[in-house]
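Note: hydrogens, waters and symmetry copies are ignored here, and every other heavy atom, side chains too, is used. Letters go in sequence order (proteins before strands), and every chain restarts at 1.
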There are 2 protein chains.
Amino acid sequence: MLSLVEENYLKAIYHLSDAGKSAVSTNALADNMNNKAASVTDMIKRLSSKGVISYEKYRGVNISEKGRRAALKVIRKHRLWETFLVEKLNFNWDEVHEVAEQLEHIDSPLLIEKLDSFLGHPKVDPHGHPIPDKDGRIHEVKQVQLSEAKEGTTGILHSVNDGSPKFLQYLSKIGIRIGARIEIVERMEFDGSMEIIIDDKERVFISRQASENLLIRESHEKR
Amino acid sequence: MLSLVEENYLKAIYHLSDAGKSAVSTNALADNMNNKAASVTDMIKRLSSKGVISYEKYRGVNISEKGRRAALKVIRKHRLWETFLVEKLNFNWDEVHEVAEQLEHIDSPLLIEKLDSFLGHPKVDPHGHPIPDKDGRIHEVKQVQLSEAKEGTTGILHSVNDGSPKFLQYLSKIGIRIGARIEIVERMEFDGSMEIIIDDKERVFISRQASENLLIRESHEKR
DNA sequence: ACAATTTTTTAGGCGAACCTAAATTTATAT
DNA sequence: ATATAAATTTAGGTTCGCCTAAAAAATTGT
Ligand SMILES: [Mn+2]
Ligand SMILES: [Mn+2]
Ligand SMILES: [Mn+2]
Ligand SMILES: [Mn+2]
């Protein structure tokens with residue numbers, strides 16, 4: 001059994017390791033968890049003794065298969081709750097993350113099962129992130145950063161990389177939401193910003209940083 | 001700000017004091033919380049220093065106005081969540097308490113407000129217990145223990161005193177649910193058990209203990 | 001009234017999850 | 001290759017929420 005704090009560390013390790021593909025350094029974790037490195041060293045010893053990560057002094061940590069499964073359970077709960085909040089309780093997509101951080105730790109398999117059917121077994125959360133199924137399987141969709149797409153391309157916004165309230169509110173304000181059609185009119189070479197057309201209507205400029213956090217599926221249909 | 005553990009103690013104090021009407025002893029609390037008396041003494045010092053209870057050594061604790069408001073907020077959340085689980089997720093009334101014990105500690109006023117409207121501002125939870133409004137007001141309904149009602153009386157089941165899964169499952173099994181019409185046919189003087197008719201159909205015997213945990217509103221309509 | 005019993009508090013300890021300061025190891029730069 | 005810098009671990013400390021054992025206060029029985 002993992003504590004709430006252990007679940008949060010494990011989730012951070014999962015994400016920082018790019019779904020278990022790389023090792024995570026003590027400092028990276030400390031940074032992400034807003035804790036000091038010494039505290040992280042404490043915790044990774046405990047996680048290691050529980051078998052959810054492997055750890056060699058001074059070499060960072062790697063998530064184990066057992067740890068990956070545990071992390072995915074928490075992520076599944078987080079994303080199901082976010083979906084519930086938006087779909088059923090009319091939250092805005094920028095308001096759900098904080099609450100889901102709490103709800104993700106509720107321990108009741110029956111609850112999650114029933115919540116999942118109540119929501120109609122959703123595949124993605126309000127930010128376009130895939131919801132792992134109950135066996136931890138994720139359906140990853142091929143998508144590219146808007147910043148990497150060519151001029152003239154049109155794509156459908158599939159997910160956002162940065163889920164911070166400020167960024168999400170900005171997107172809402174300029175009319176960008178999941179599913180929106182985005183056409184790249186022109187890219188400014190000197191700063192990477194670009195002019196885009198949203199849903200064949202709004203013509204706006206967005207920064208390189210913004211375009212890096214928008215993930216699209218390219219679609220060349222001309223409509 | 002109260003911790004999860006502090007909230008649980010405060011809720012126990014509220015209930016054990018009969019909504020703040022009497023003092024609560026250290027041992028009663030220890031018993032209720034499944035902790036040792038020494039741990040309780042620890043905790044009541046902390047709660048006292050936070051101003052949610054008043055405490056005089058060897059005299060037990062009394063909940064303060066501030067504490068009462070805090071306890072009622074937790075109780076409101078508990079009962080709203082139980083209602084959600086039964087009404088929206090199709091939980092049985094005997095399955096919800098444990099999960100609500102976790103959900104009641106989620107801290108988000110917006111969530112509770114939205115949950116409340118999603119549920120249509122319910123007045124009672126699945127066990128017939130009143131849901132405090134957002135200002136902590138409770139609408140208490142006059143009700144009597146079935147064990148105290150006279151032979152020949154008919155009443156509507158309003159709430160249950162004992163919310164344990166075992167008791168609730170027993171009630172479901174013999175066809176007793178909130179709103180059921182209960183007619184007292186005969187009371188056995190030697191052990192306090194009684195013969196009742198449920199919804200003008202089922203005729204069953206129930207123990208004194210069971211009848212003490214059923215709260216009815218008397219209604220003499222003959223139907 | 002006072003001895004026995006029960007209740008409550010105090011004293012001292014422990015694990016979880018944090019911290020700061022100091023020591024150690026690894027990486028980098030000349 | 002060696003000095004410097006950066007990353008990491010160790011040592012020692014704190015608070016919260018629990019424990020056991022012992023001491024003290026309150027209650028009860030005769
Ligand atoms: Mn989120
Ligand atoms: Mn979390
Ligand atoms: Mn309950
Ligand atoms: Mn609780």
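- Listed by chain and number, the residues in a side-chain hydrogen bond (donor to acceptor under 3.5 Å, both in side chains) with B:H121 are B:D116 (sequence neighbours excluded).
- For the ring pair (Phe, Tyr, Trp, His ring centres under 6.0 Å) test, residues two or more places apart in sequence or in another chain that qualify with B:F84 are A:F84, B:W81.
- Here A:D191 pairs with A:M188, A:S193 under the side-chain contact (heavy atoms from CB on, under 4.5 Å) rule; sequence neighbours left out.
- Remark: A:R68 engages A:E65 in a salt bridge (Lys or Arg N to Asp or Glu O under 4.0 Å) (not counting sequence neighbours).
- In this structure A:E212 satisfies the side-chain contact (heavy atoms from CB on, under 4.5 Å) test together with A:Q145, A:S147, A:R208, sequence neighbours excluded.
- We find that NZ of B:K45 is positioned 10 Å from C1' of C:dT8, with the value rounded to whole Å.
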Tabulate below the donor-acceptor pairs under 3.5 Å that side-chain atoms of residues 19-30 of chain B make, not counting sequence neighbours, or state none.
from	atom 1	to	atom 2	distance (Å)
B:S22	OG	B:S17	O	3.3
B:S25	OG	B:A28	N	3.0

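- With a heavy-atom cut-off of 4.0 Å to chain B, the contacted part of DNA chain D has its first and last nucleotide at D:dC16 to D:dA26.
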Which atom pairs, one a donor and one an acceptor, fall under 3.5 Å between side chains of residues 40-51 of chain B and the rest of the protein, sequence neighbours left out?
from	atom 1	to	atom 2	distance (Å)
B:T41	OG1	B:A37	O	3.2
B:S49	OG	B:R46	O	2.9
B:K50	NZ	B:M1	O	3.1
B:K50	NZ	B:E6	OE1	3.0
B:K50	NZ	B:E6	OE2	3.2

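- With sequence neighbours left out, A:H105 forms a ring pair (Phe, Tyr, Trp, His ring centres under 6.0 Å) with no residue at all.
- A:H158 pairs by the ring pair (Phe, Tyr, Trp, His ring centres under 6.0 Å) definition with nothing, not counting sequence neighbours.
- For the atom pair CG (A:L115) and NZ (A:K77), the distance works out to 11.5 Å, reported to the nearest 0.5 Å.
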Per-nucleotide protein contact string for nucleotides 15-22 of chain C, where B marks a base within reach and S marks sugar-phosphate only (heavy atoms under 4.0 Å, - for neither): -SBBBBB-
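- Listed by residue number, the members of residues 13-31 of chain A with any heavy atom below 4.0 angstrom from DNA chain D are A:S25, A:T26, A:N27.
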